[in-house]
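Note sheet for the following structure.
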Amino acid sequence: IAVCTQATEESLKMLSEIGIKSIEIPGHLQINPFKVSKGDLKRVTELSNAYGVSIVASNSIYPPDFSHASNSEPLRRKSIEYTYKLAEAASEISCPILVWGSGKARSIPFEVSLEEGRERNLKVLKEAAKAGEEFNVKFAVEPLPKNETNFVNTMDEALKLVEDVNSDFVRVMADVRHMVREEPDLMESLRIAREKIIHVHLADNNSGVPGRGIIDFRRLFRCFREIGYGGVMSIEARLGENQKEELKFALGVVAQSF
């Protein structure tokens, strides 16, 4: 179990104190190759090592002003260049998974056809595949709800995109909170995607930590056992003012659900 949060001394200390040994960091803030130096990357690695918390993934990897499907060729080139360098930066801190979410960056502008927008996003993902292979980093395509993006809202759409990329370094991830909203049958979607899932985000339906809403996590974890998923699960949820107590509560719910 990991937690999605920035790798600061305060957060790493908190995670270490409650026995959480993994963290998922915001890519556009902490491994952004256009803004973060190799010295900065080294310091993040040293800090995480000091508290015994490994960096297992990175989400929010693109800044919000990026646009993979823009009519602007310089903007599209920027996405491709950034994606390649991001994989290199992730390898510098031994971060094995980059979550290809970032709904704003991949959204298709209204003036661009869906077909053209898909092809432009696909071009970025093909660059991700090449970079992933070179630096041994995997990209996980995250289906997002319609209020966050108009491109890849369901697991089926994510699987088709991954199939078109055709690389072991581009797979899918399952965000439980989003899937509850968009999938006709959450468990069946997980079963269909079973061989392609390399990462999971955990939150309840209301964006709180597991156990604060109505998702049946015991049934959910039975499904994960059924499909043989043995990878990282990151808690990506609103933690409120008392983060430590919320995470302790979440860990209890997860432990009872296994």
Side-chain angles (χ1 to χ4, degrees), residues 27-28 57-64 66-71 75-84 86-87 90 96-186 188-201 227 229 231-232 234 236:
H28 75 283
S58 176
N59 62 355
S60 300
I61 59 175
Y62 295 100
F66 273 49
S67 178
H68 308 333
S70 171
N71 273 334
L75 270 181
R76 298 199 305 273
R77 284 202 308 267
K78 183 178 180 181
S79 287
I80 290 172
E81 180 187 0
Y82 178 96
T83 299
Y84 184 86
L86 184 74
I97 294 174
L98 293 169
V99 176
W100 205 76
S102 302
K104 287 185 178 180
R106 77 189 199 205
S107 286
I108 300 172
F110 73 92
E111 68 272 13
V112 177
S113 72
L114 294 180
E115 294 80 7
E116 182 63 27
R118 188 181 192 278
E119 284 303 308
R120 290 173 179 177
N121 272 294
L122 186 59
K123 192 171 183 180
V124 174
L125 271 177
K126 287 182 176 179
E127 183 66 22
K130 289 192 296 183
E133 183 172 6
E134 181 171 346
F135 298 108
N136 196 29
V137 174
K138 292 188 176 181
F139 287 77
V141 177
E142 178 184 21
L144 291 171
K146 294 181 182 68
N147 66 322
E148 293 188 23
T149 187
N150 62 1
F151 184 65
V152 185
N153 305 116
T154 66
M155 184 60 79
D156 182 61
E157 291 169 343
L159 288 170
K160 288 177 181 175
L161 192 65
V162 167
E163 182 180 349
D164 287 346
V165 177
N166 191 27
S167 167
D168 290 338
F169 293 89
V170 178
R171 288 292 185 257
V172 299
M173 69 156 293
D175 187 308
V176 174
R177 171 174 58 104
H178 298 325
M179 292 181 72
V180 163
R181 298 172 182 175
E182 298 292 339
E183 302 293 330
D185 186 326
L186 169 61
E188 185 59 23
S189 293
L190 291 173
R191 293 185 187 101
I192 291 171
R194 62 193 303 162
E195 295 180 356
K196 302 292 187 183
I197 297 173
I198 61 167
H199 193 49
V200 171
H201 278 170
I227 67 175
Y229 180 76
V232 173
S234 295
E236 186 191 43

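Computed over heavy atoms, backbone and side chain alike; hydrogens, waters and symmetry mates excluded. Heads up: numbering here begins at 1 and tracks the sequence.
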Distance from Ile97 atom CD1 to Phe169 atom CZ, nearest 0.5 Å?
12.0 Å
Once you round to the nearest 0.5 Å, how far does CZ of Arg77 lie from OG of Ser70?
11.5 Å
Looking at every heavy atom in both Val112 and Gly117, which two are closest together, and how far apart are they?
CG1-N, 3.6 Å
Mark yes when over 12 heavy atoms from residues, nucleotides or ligands other than Glu195 sit less than 6.0 Å from its CD; otherwise mark no.
no
Which atom of Trp100 lies closest to which atom of Asn121, heavy atoms considered
CH2-OD1, 3.5 Å
Please report the interatomic distance NZ(Lys196) to CD1(Ile198), rounded to the nearest 0.5 Å.
11.0 Å
Would you say that His199 contacts Lys138 through its side chain, given a criterion of any heavy-atom pair below 4.5 Å between the two side chains?
no
Taking C-beta and beyond as the side chain, do Phe66 and Pro63 meet within less than 4.5 Å on heavy atoms?
yes
Looking only at heavy atoms, what is the nearest atom pair of Thr149 and Gly103, with distance?
OG1-O, 3.2 Å
Are His68 and Tyr62 near enough that their ring centres are under 6.0 Å apart?
yes
In plain terms, say whether Glu81 and Lys78 are close enough for a salt bridge, that is, a side-chain N and a carboxylate O under 4.0 Å apart.
no
Any salt bridge linking Glu115 with Arg118? Criterion: basic side-chain nitrogen under 4.0 Å from a carboxylate oxygen.
no
Would you say Asn153 and Arg181 are linked by a side-chain donor-acceptor pair, where the criterion is simply a distance under 3.5 Å?
no
Ion pair present between Glu116 and Arg120, side-chain N to carboxylate O less than 4.0 angstrom?
yes
Using every non-hydrogen atom in the two residues, find where Leu98 and Ala87 come nearest and quote the distance to one decimal.
CD1-CA, 4.0 Å
With a 4.5 Å cut-off on side-chain heavy atoms, are Leu190 and Tyr229 touching?
no
If I take atom CD from residue Glu157 and atom CD from residue Glu182, how far apart are they, to the nearest 0.5 angstrom?
9.0 Å
Nearest 0.5 Å please: distance from the OG atom of Ser189 over to the CZ atom of Arg194.
13.5 Å
Closest non-hydrogen atom pair, Lys126 against Asp164
CE-O, 3.9 Å
Quick one: which of Val124, Leu144, Asn150 gives a side chain to side chain contact (heavy atoms under 4.5 Å, CB included) with Arg106?
Leu144
From Thr83 OG1 over to Ile61 CD1, what is the distance, rounded to the nearest 0.5 angstrom?
6.5 Å
Lys160/Asp156 ion pair, N-O < 4.0 Å:
yes
Short side-chain to backbone donor-acceptor contact, His28 and Ser60, under 3.5 Å:
yes
So does Glu163 have more than 12 non-hydrogen atoms from other groups sitting under 6.0 Å from CD?
no
Chi angles and distances behind the side-chain contact (heavy atoms from CB on, under 4.5 Å) call for Ile192, Met155:
CA-CA 9 Å; Ile192 291 171; Met155 184 60 79; over 6 Å; no
Under 3.5 Å, side chain of Glu127 to main-chain N/O of Tyr84, donor-acceptor pair present?
no
So does Glu133 have more than 12 non-hydrogen atoms from other groups sitting under 6.0 Å from CD?
no
Taking the side chain as every heavy atom from C-beta outward, state whether Thr154 and Pro143 have any atom pair closer than 4.5 Å.
no
So, the side chain of Arg191 versus the backbone of Ile227: is there a donor-acceptor pair under 3.5 Å, distance only?
no
Specify the closest pair of heavy atoms between Arg76 and Ala69, including all atoms of both residues, with the distance to one decimal.
CD-C, 4.5 Å
Min side-chain heavy-atom separation His178-Glu148 under 4.5 Å
yes
Start with the C-alpha gap between His201 and Glu142, add the side-chain angles, then the distance that decides, and say whether side-chain contact (heavy atoms from CB on, under 4.5 Å) holds.
CA-CA 10 Å; His201 278 170; Glu142 178 184 21; 3.6 Å; yes
